[in-house]
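Data first, discussion second: the structure below is written as structure tokens.
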Amino acid sequence: VSATLYDEAIKMLARAAHGAGRLPAAHAVARLDNPYCGDRIDLALDLSGDRIDALVHETKGCLLCRAAASIVGLRAPGARVAEVERAAAALDALLAGGEDAALPWPELAVFRPVRDHPARHGCVSLPMQALRQAVRLGPSPGVSI
Amino acid sequence: MPAISDELTLLRRQFPLLAREGPALHYLDNAATSQIHESALEAMVRHEQGARGNVLRAGHRLAQSATLAYQRARGQAARFLNARDPGEIVFTAGATAALNLVAQSYGSLCKPGDEIVISVAEHHSNLLPWQQLRDRAGVRLRFVPLGADARLDLGALRECVGARCRLIALTHASNVTGAITDVAPVVERARAVGARVLLDGAQRAAHGPVDVQALEADFYAFSGHKCFGPGGVGVLWARGELLEAMPPAVCGGGMVERVSVQGASYAPPPRRFEAGTPPVAQAVGLGEALDWMGRQDWPAIGRRMAGLTQRLIEGLRAVPRLHLAGPLDARDRVPVVSFWLEDLHSHDVCQVLDERGLALRGGHHCAQPLMHALGVEGVSRASLALYNGDDDVDALLEGVREAARILA
């Protein structure tokens, strides 16, 4: 099972660390902790209306958390808020055992094996929660992480 | 896999979960919760089926039976700790509740500017209650730092413990490094300034009876679920004269002498500290578990566990890019061994191990300041109990190598 849970796709995504970095003056920021393990993500983004122009994150976490952050870093720039909400809902549904055929961000399918490990759901969803929080907080010029 | 001894096989049969048929289970998360011994389970069932009633209240026969069983458990806990009197035993919901009780009650006797000395290696249960007291009452917290091998630097006590110190509250054995605290210099320093000593025994009590009189401590806390007993019950031991002087921390039924609309007079200890209906069946189960522990040959178990722990330490040290927390000599620690692999997250490591039947915990272990001092986000922790054997250690060493390979 580990070989599936930690397959090459997840490891490659974590290694790629799409969107990792710092944004000196972002419009919206979010910091989320996973109290279960102490993992943390700081996420910052620039918004134009309801469109995400740029996104960066600093993620301290396990492979699953870093892979999920990498997908957020890959897909969120250029996305509109509604798409983020669809992707987040799809991830929740996937982890809850739903079908992944209609995933707005197809890379999220790598987390299908995680559905059998409820203790790890929080690892996967932390970056998406941070993204949703930052989007909901909206523009707050001059904030930096 | 090495063959395990008949003795160990028979021992494991006394723990219902370990005795069940099924895939191999290498239970190495005993520092979180140990498996329950059959005597504790049977005592609870017997109590609930034959003597269930509220305690220290009604006069009917069932209530009297329940009260007798509850007080018997108090005696069993006193015997386990070599307390002078069962009246020095307060049943709580666990070690956390016991530590909070002291912070609430003894803490209320502290004045602004008084000092409480703890360490950077404490479980959050022995840190957060004191931070709350600091914020509530203006006491000052001082910290014993880590020394060599991530053990407490007790040489710093001279500096940390001053004239305003009211209490030194330290772990008896770390839940991360396993390091056993040398209590004698702590007591010596406390006595020099008139301070009291509290030991968080959550980890140490799981490895044999404790002698609070020999330790010369003033408070001792431990939980039932780590001592082969049920969850939801723990013990606070304190010197009788201290309990007498302390106000109640939680108020309710069963802990008063007289109540009027104007006020109340409180029952003597330990009832003063057991408001509401206590966890009766759990106390009964814990009492039986402690009695069972008291009948074991702990010197022999200690030697076997030290050998097993040393094997584990040496085996882990041979794994490339693996780091260990705590003393390298197993005699200096309870059988708790935490480690981390460079660039690998403890949860990923523990996930791979779990799928090989190895139950370990990863993460910060409710000891975030210690993680910070160690310079890591989290560690994987193997914690052994007397039913663990070479088969568990071998499976773990093989599993760790496999985890490193899969996660690389």
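Computed from a prediction, not measured in an experiment: that's the story for all the values here. Sequence lines set the chain letters: A, B, ... in the order given, protein chains first and strands last, and positions in each chain run from 1.
Looking only at atom types and distance, the side chain of A:Asp39 has a donor-acceptor partner in the side chain of B:His345 under 3.5 Å away.
For the atom pair CD (B:Gln351) and SG (A:Cys123), the distance works out to 8.5 Å, reported to the nearest 0.5 Å. Expressed to the nearest 0.5 Å, how far CD1 of A:Ile10 lies from CG of B:Leu407 amounts to 11.0 Å. Atoms CZ and CG, from A:Arg15 and B:Asp343 in turn, are 11.0 Å apart once rounded to the nearest 0.5 Å.
By a heavy-atom distance cut of under 4.5 Å, B:Gly363, B:His364, B:Gln368 are the residues of residues 359-371 of chain B near chain A, going up by number.
When heavy atoms are compared at a cutoff of 4.5 Å, B:Ala408 approaches chain A solely by way of its backbone atoms N, CA, C and O.
Counting non-hydrogen atoms of neighbouring residues, nucleotides and ligands closer than 6.0 angstrom, the CZ atom of B:Arg317 reaches no more than 12 such neighbours.
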Trace of the side chain to side chain contact (heavy atoms under 4.5 Å, CB included) decision for B:Glu355 with A:Leu5 | CA-CA 11 Å; B:Glu355 286 157 13; A:Leu5 193 58; 4.0 Å; yes

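A side-chain donor-acceptor contact under 3.5 Å links B:Asp348 to the backbone of A:Leu63.
Your options are A:Lys11, A:Arg66, A:Arg120, A:Arg40, and the one with the most heavy-atom pairs under 4.5 Å with chain B is A:Arg120.
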